[in-house]
Structure formats: structure tokens, C-alpha cells
Amino acid sequence: MSAQIINGKKTAEELEAVLKSDIAELPSAPGLAIIQVGDDEASTIYVRNKLKAAAAIGINAVLHKFSEDVSQKEIADLIITLNNNKNINGMIVQLPLPAHLNEEELLDLIAPKKDVDGFHPLNIGRLQNGSSKALLAATPKGILYLLEKEKIDLTGKNALIIGCSKIVGRPAGMLLLQHGCTVTFAHIHTQNLPQLVKTADIIIAACGCPQMVKAEWIKEGAVLIDVGINRINGKLCGDIEAAAAEKASFFTPVPGGVGPMTVAMLLQNTYEAYLKQNHK
Ligand code: NAD
């Protein structure tokens with residue numbers, strides 16, 4: 001079987017071009033605030049990419065960068081200020097935060113209508129309830145966008161989610177459940193992963209374990225969505241063994257699959273938040 005590559009990079013570029021022309025029609029630029037604490041290398045790269053992508057389509061993105069030893073109150077005060085700033089439509093706190101900061105307390109402070117990462121409990125609850133009011137977490141939203149764009153029928157399919165983080169696995173599973181999949185969540189304590197993979201029609205691998213999901217486990221014709229971003233000898237790779245693509249019907253490459261969609265969806269959330277806040 002010849003598998004079809006799901007080209008997230010191209011789809012993200014197309015989406016960003018549409019967003020750019022839509023944003024050019026607005027009376028003012030949507031505003032996005034990014035809060036970063038410390039100099040974590042991966043976070044710095046992600047933040048740089050988000051700032052660059054936002055600027056390229058006309059979103060006014062502002063970085064608030066703090067040193068590693070910033071206090072909880074300083075960040076909390078900034079979030080409250082940004083909540084009240086009419087020029088800021090979206091806000092994200094780049095994770096992970098240093099251990100002395102209470103992540104949950106800070107994320108809870110973000111006004112749900114500005115929560116463009118979709119991490120606030122109200123948005124998570126809305127996702128769980130299938131409410132169209134939810135701002136959805138960018139990576140799961142991007143995955144669903146790709147599956148729908150490829151017209152992959154989800155109804156009644158066995159979907160296996162490997163990795164249950166709050167930002168990827170859990171919300172991705174919830175979205176697939178709402179689209180008619182029978183969803184199984186696997187995690188670090190799951191004991192029969194190869195067997196679960198063998199019966200899965202759709203696999204979303206988001207565990208951060210380089211090439212852990214083996215080609216020999218894959219059911220012929222499965223759809224493979226690889227969220228993992230890992231390095232082996234400096235080279236990027238996903239959580240699924242590259243050879244698995246040969247057994248798949250569709251697969252996302254790493255890099256160039258899910259990653260670019262995450263940024264595009266963050267920008268789309270910011271645009272949608274602007275529209276809602278300005279009653280458009
Ligand atoms: P995380 O580290 O918060 O959680 C990992 C999850 O995987 C946990 O539920 C854990 O139980 C599970 N897990 C760990 N080892 C496992 C194993 N051996 N078998 C089964 N399950 C296992 O994860 P995260 O923040 O969601 O990130 C996961 C991966 O996705 C990372 O590689 C990260 O870099 C990548 N990521 C990519 C994007 C993107 O845009 N492409 C976005 C977010 C995260």
C-alpha cells in the first residue's frame with residue numbers, strides 16, 4: 001500500500017495566508033501576548049517561531065520575558081493587566097514553568113476568552129461538553145483539521161492515543177470521541193501497547209519517546225499522526241518508527257506534520273478571539 005503523506009507544513013502555510021488576508025480587513029491588528037520565564041532552549045525556539053509567524057500575518061505579538069527567579073505575583077499581576085488590556089485578544093504562558101511557580105494557578109487567571117492555548121478549565125470543560133464556545137488547544141485542533149482536510153472518516157474508528165498530557169493527548173482523544181471514534185488512551189503504565197496498536201485504525205502518538213511505536217505493530221492501512229518531537233543524534237524524529245509509514249494509509253511526517261499546524265491554530269485562535277471580543 002502506498003501511504004499518503006499529510007503535509008502539515010503546506011496546510012499551515014495555506015491557512016496562514018487566508019488568516020493574513022482576513023486580518024488585513026480588520027479595523028485593528030489582533031494582539032497576542034506571550035509570557036516566557038527563563039531561557040529553556042526549546043521554549044525559546046517555540047516562542048521565536050510563534051512571534052515570527054504572528055508578525056508575518058499581521059498579528060501584533062508581544063513577548064513578556066522574565067528571568068528564572070520571577071515571583072508568582074509578578075506573573076499573576078501581568079496576567080491580570082493583560083486580561084484588562086483591550087488591545088490584547090490572546091495570551092499564552094509558555095510551558096514548562098520553573099518549579100517554584102504554580103502553573104495551575106497562573107493558567108486559571110487567564111481570562112477564558114483570551115486563553116488561545118485552550119488550557120483554562122472553562123475551555124477544557126467546554127471541549128468536554130462539545131461546546132462550540134471552547135477555545136481549543138492548538139495541537140489537537142490542528143490534528144483534527146488535518147484529519148478532516150484529508151476527508152478521513154472517523155465514525156466508528158478505533159483511535160489509540162499514546163500519551164495523555166493535558167495539552168495534547170487528552171484533548172485530542174476528547175475531540176476524536178466527539179467525532180465518533182472509539183477512543184483508547186495509553187500511557188506510561190499501559191501494559192499491552194503493541195496489542196492496542198495492532199487494533200487501532202488511527203494512532204495519535206504523543207508520548208515523547210523517539211520511534212517507540214514499531215512498524216511491525218501497525219495495522220495495515222492505519223492513519224498515523226505523530227506528534228512527538230525528539231532528536232536522535234541531533235536529527236529530528238517522531239514517536240513512531242519511520243518504517244511504519246509503509247503500512248499506513250496516511251501519516252504525518254516529523255518534521256513538517258503536526259508541528260506547523262500547532263502554530264497555525266494558535267494564530268487562528270487569536271483571530272477568532274479578536275472576532276468574539278469585538279462582536280464580529
Ligand atoms: P508529556 O511529556 O506531558 O506527557 C507524555 C505522556 O506520554 C504521558 O501521558 C506519559 O504517561 C506518556 N508516556 C510516556 N512514556 C510512555 C511510554 N513508554 N509508553 C506510553 N506512554 C508513555 O507530553 P506532551 O507535552 O504532550 O509531549 C509529547 C510529545 O509531543 C513530545 O515529544 C513533545 O515534544 C511533542 N509535542 C509536539 C507538539 C507539536 O506541535 N508537534 C506540541 C506539543 C508536544
Side-chain angles (χ1 to χ4, degrees), residues 5-13 15-16 34 40-50 52-53 92-97 99 103-104 107 116-119 124 127 136-147 159-176 183-198 200 203-214 217-218 224-232 234-242 244 251-269:
I5 296 181
I6 303 179
N7 190 335
K9 184 166 183 283
K10 183 163 169 272
T11 303
E13 283 167 3
L15 261 166
E16 286 167 25
I34 301 179
D40 176 79
E41 201 183 324
S43 291
T44 300
I45 295 170
Y46 294 144
V47 166
R48 195 189 306 140
N49 289 345
K50 290 170 189 174
K52 201 171 144 205
I92 65 174
V93 176
Q94 185 67 38
L95 302 176
L97 291 172
E103 175 186 309
E104 186 180 357
L107 294 180
V116 286
D117 259 343
F119 297 163
I124 293 169
L127 161 64
L136 297 177
T139 305
K141 187 177 178 179
I143 291 170
L144 187 68
Y145 190 96
L146 290 174
L147 292 170
L160 175 65
I161 316 290
I162 308 174
C164 304
S165 72
K166 285 181 288 181
I167 61 172
V168 184
R170 292 183 206 196
M174 199 50 70
L175 280 177
L176 291 190
V183 179
T184 304
F185 288 96
H187 47 75
I188 188 82
H189 302 298
T190 298
Q191 296 196 354
N192 54 343
L193 191 63
Q195 283 77 12
L196 293 174
V197 171
K198 278 176 188 163
I203 295 164
I204 298 187
C207 55
C209 305
Q211 311 223 332
M212 185 191 75
V213 181
K214 301 299 173 210
W217 302 349
I218 305 291
L224 307 181
I225 305 293
D226 197 343
V227 184
I229 303 177
N230 314 292
R231 281 184 194 276
I232 296 183
K235 195 166 173 274
L236 275 182
C237 70
D239 290 343
I240 304 178
E241 200 177 36
F251 72 97
T252 58
V254 178
V258 175
M261 289 301 292
T262 297
V263 177
M265 290 295 136
L266 170 70
L267 303 178
Q268 192 180 72
N269 277 350

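Order of appearance sets the numbers: ligands from 1, and atoms from 1 within every ligand.
The side-chain heavy atoms of Val254 and Cys237, taken from C-beta on, include no pair separated by under 4.5 Å. Within the 4.5 Å cutoff, the side chain of Leu146 has heavy atoms near those of the Thr11 side chain.
Of all heavy-atom pairs spanning Phe185 and Arg170, the tightest one is CE2-CA, 3.9 Å.
The environment of NZ in Lys10 is sparse: at most 12 heavy-atom neighbours from other residues, nucleotides or ligands sit within 6.0 Å. Shown here is Lys198, whose NZ atom has more than 12 heavy atoms of other residues, nucleotides or ligands within 6.0 Å.
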What does the contact table look like for ligand 1 (nitrogen or oxygen on each side, cut-off under 3.5 Å)?
residue, atom, partner, partner atom, Å
ligand 1, 9 (O), Cys164, N, 2.8
ligand 1, 11 (O), Ile188, N, 3.0
ligand 1, 21 (N), His187, O, 3.4
ligand 1, 21 (N), Ile188, N, 3.3
ligand 1, 26 (O), Ser165, OG, 2.5
ligand 1, 32 (O), Ile229, N, 3.0
ligand 1, 40 (O), Thr262, OG1, 2.7
ligand 1, 41 (N), Val227, O, 3.3

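Within the 3.5 Å criterion, the main-chain N or O of Cys209 finds a donor-acceptor partner in the side chain of Asp239.
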